[in-house]
Amino acid sequence: MWLTPSRVFYAGLLGATGPRSLGGHGVYVSPSGRPLRMRLAGGSWQSGELLVVPARVPHLVAAEGPMVISLLVESESVDPARLPALLRQCGPADAPDFARRVRDGHARLIAIAQREGLQGFPDFDGLFFGATLAPPVLDPRIRAVVARINADPAAPSPAQACADAVGLSFSRFLHLFKEETGVTFRAFRAWKRARGLLHHVRRGGSLTDIALDTGYPDSTHFSHSIRQVYGLRPSDILAGSRRLAVHR
């Protein structure tokens, strides 16, 4: 797994996931070319070697084999009006060249990691999309709050404190945040906190320790939130990551 502030690359076990709802644009690629299956909320199963799902769309993913390759692009990091055509789709996508590019990119990352480690990794967007994805033009005040939460998702960031920090009233801040990012402040903060688990999948310690370190008040709240986002219990995510190499 390769983690950057606004991108995630994952190649590993899929697991028997329940419904999930991720905070970024998701791409699933079959490592072998055999079809993956996806079901959107209330819909029927669809299949293809490449699946695309927009941010915050509940979905189920299943595979014939145990492994999957996936990309995640944080929604606030890209201009929705200038997204590549691929990322505007929802469901199976007919893009065999892109699927091949992702599989080739995975092989390249393995080779680089063995020789040079993270320092030798290429530009994420260049590797997988062929060019840098266009960033959004955000109101500077909202951009500052986004940066604050991204820098430390586990830190307490109540809406009132964020509004005060950028000189906005509480109601104006909530309205402007959703207008600029396309998501409510509460949902954005919840996703970033859940995303923080990815930095802890290889660490030891109890679930309570990890819950507290990622900003949750207790392990019960932690487990419920993580399962809503990833469709898996935190314990299952940690168990499935024991042999996972994580590059930050």
Check the surroundings of atom CZ in Arg233: do more than 12 heavy atoms from other residues, nucleotides or ligands lie under 6.0 Å from it?
-> no

With the side chain counted from C-beta on, respond yes when Leu40 and Cys90 share a heavy-atom pair under 4.5 Å apart, and no when they do not.
-> yes

Could you tell me which residues satisfy ring pair (Phe, Tyr, Trp, His ring centres under 6.0 Å) with Tyr216, sequence neighbours excluded, listed by chain and number?
-> His221, Phe222

Counting distance only, does the side-chain N/O of Ser241 pair as donor-acceptor with the main-chain N or O of Leu244 below 3.5 Å?
-> no

Donor-acceptor pair, side chain of Arg39 and main chain of Trp45, under 3.5 angstrom = no

What distance do Asp213 atom CG and Arg203 atom CZ have between them, rounded to the nearest 0.5 Å?
-> 4.5 Å

Before giving the answer on side-chain contact (heavy atoms from CB on, under 4.5 Å), spell out for Glu76 and Ile142 the whole-Å C-alpha distance, their side-chain angles and the decisive distance to 0.1 Å.
-> CA-CA 10 Å; Glu76 84 282 355; Ile142 300 304; over 6 Å; no

Could you tell me whether Asp94 atom CG has more than 12 heavy atoms of other residues or ligands within 6.0 Å of it?
-> no

Val53 with Val183, same ILVMFWY side-chain cluster at under 4.5 Å | no

Any idea which heavy atoms bring Leu3 and Val246 closest together, and the distance?
-> CD1-CG1, 4.1 Å

Distance from Leu51 atom CG to Met38 atom CE, nearest 0.5 Å?
-> 4.5 Å

According to a 4.5 Å side-chain heavy-atom criterion applied to Ile, Leu, Val, Met, Phe, Trp and Tyr, with indirect links allowed, do Leu174 and Leu176 form part of one hydrophobic cluster?
-> yes

Inspect the surroundings of CZ in Arg88 and state if more than 12 heavy atoms from other residues, nucleotides or ligands are less than 6.0 Å away.
-> yes

Side-chain contact, heavy-atom cut-off 4.5 Å: Trp191 with Val229?
-> yes

Can you check side-chain contact (heavy atoms from CB on, under 4.5 Å) on Arg148 and Cys162, steps first, answer last?
-> CA-CA 9 Å; Arg148 168 180 172 172; Cys162 291; 4.2 Å; yes

Same apolar cluster (I L V M F W Y, side chains within < 4.5 Å links), Phe170/Val145 | yes

How long is the span from the OG atom in Ser157 to the CG atom in Asp152, to the nearest 0.5 Å?
-> 7.5 Å

Working for side-chain contact (heavy atoms from CB on, under 4.5 Å), residues His59 and Tyr28 | CA-CA 12 Å; His59 62 284; Tyr28 298 91; 2.8 Å; yes

What distance separates Ile226 CD1 from Leu197 CG, expressed to the nearest 0.5 Å?
-> 4.5 Å

For the student: nearest non-hydrogen atoms of Ser219 and Ala211, plus distance | CA-CB, 4.1 Å

Mind running side-chain contact (heavy atoms from CB on, under 4.5 Å) on Ser75 and Arg56 for me, showing each step along the way?
-> CA-CA 9 Å; Ser75 59; Arg56 296 173 293 279; 3.2 Å; yes

Do other residues, nucleotides or ligands put more than 12 heavy atoms under 6.0 Å from His224 NE2?
-> no

If you group Ile, Leu, Val, Met, Phe, Trp and Tyr by side-chain heavy-atom gaps below 4.5 Å, do Ile149 and Val8 land in one group?
-> no

Polar side-chain atom of Arg141 near backbone of Val166 as donor-acceptor pair, under 3.5 Å | no

Measure from the side-chain N and O atoms of Ser223 to the backbone N and O of Thr220, and report whether any donor-acceptor pair falls under 3.5 Å.
-> no

Under 4.5 Å side-chain linkage, directly or through intermediates, the cluster mates of Val78 | Trp2, Phe9, Val27, Val29, Leu50, Val52, Ile69, Leu71, Val73, Leu83, Leu86, Leu87, Phe98, Val102, Leu109, Ile112, Leu118, Phe121, Phe124, Leu127, Phe128, Phe129, Leu133

Where is the tightest heavy-atom contact between Glu180 and Asp139, given as atom of each residue plus distance?
-> OE1-N, 2.7 Å

Here the pair of heavy atoms bringing Arg193 nearest to Ala154 is NH2-O, 4.4 Å

Are there more than 12 heavy atoms of other residues, nucleotides or ligands under 6.0 Å from atom CZ of Arg242?
-> no

Nearest atoms (heavy-atom pairs only) where Arg34 meets Ser30 | O-OG, 2.6 Å

Taking 4.0 angstrom as the limit, do Arg100 and Asp97 come out as a salt bridge?
-> yes

Lys192 and Glu74: CA distance, side-chain angles, deciding distance, salt bridge (charged side-chain N to carboxylate O under 4.0 Å, His left out) verdict = CA-CA 10 Å; Lys192 293 299 180 177; Glu74 297 291 340; 3.0 Å; yes

With the 4.5 Å side-chain cut-off for hydrophobic clustering, are Met67 and Ile237 part of the same group?
-> yes

Report yes or no: does Arg248 contribute a side-chain atom to a donor-acceptor pair with the main-chain N or O of His199 at less than 3.5 Å?
-> yes

Under the 3.5 angstrom rule, does the side chain of Arg37 hit a backbone N or O of Glu64 as a donor-acceptor pair?
-> no

Rounding to 0.5 Å, atoms OG (Ser32) and CD (Glu49) come to a distance of 9.0 Å

Between Leu36 and Ala63, which heavy-atom pair has the shortest distance, and what is it?
-> CD2-CB, 3.5 Å

For the side chain of Tyr10 and the backbone of Leu72, is there at least one donor-acceptor N/O pair under 3.5 Å apart?
-> no

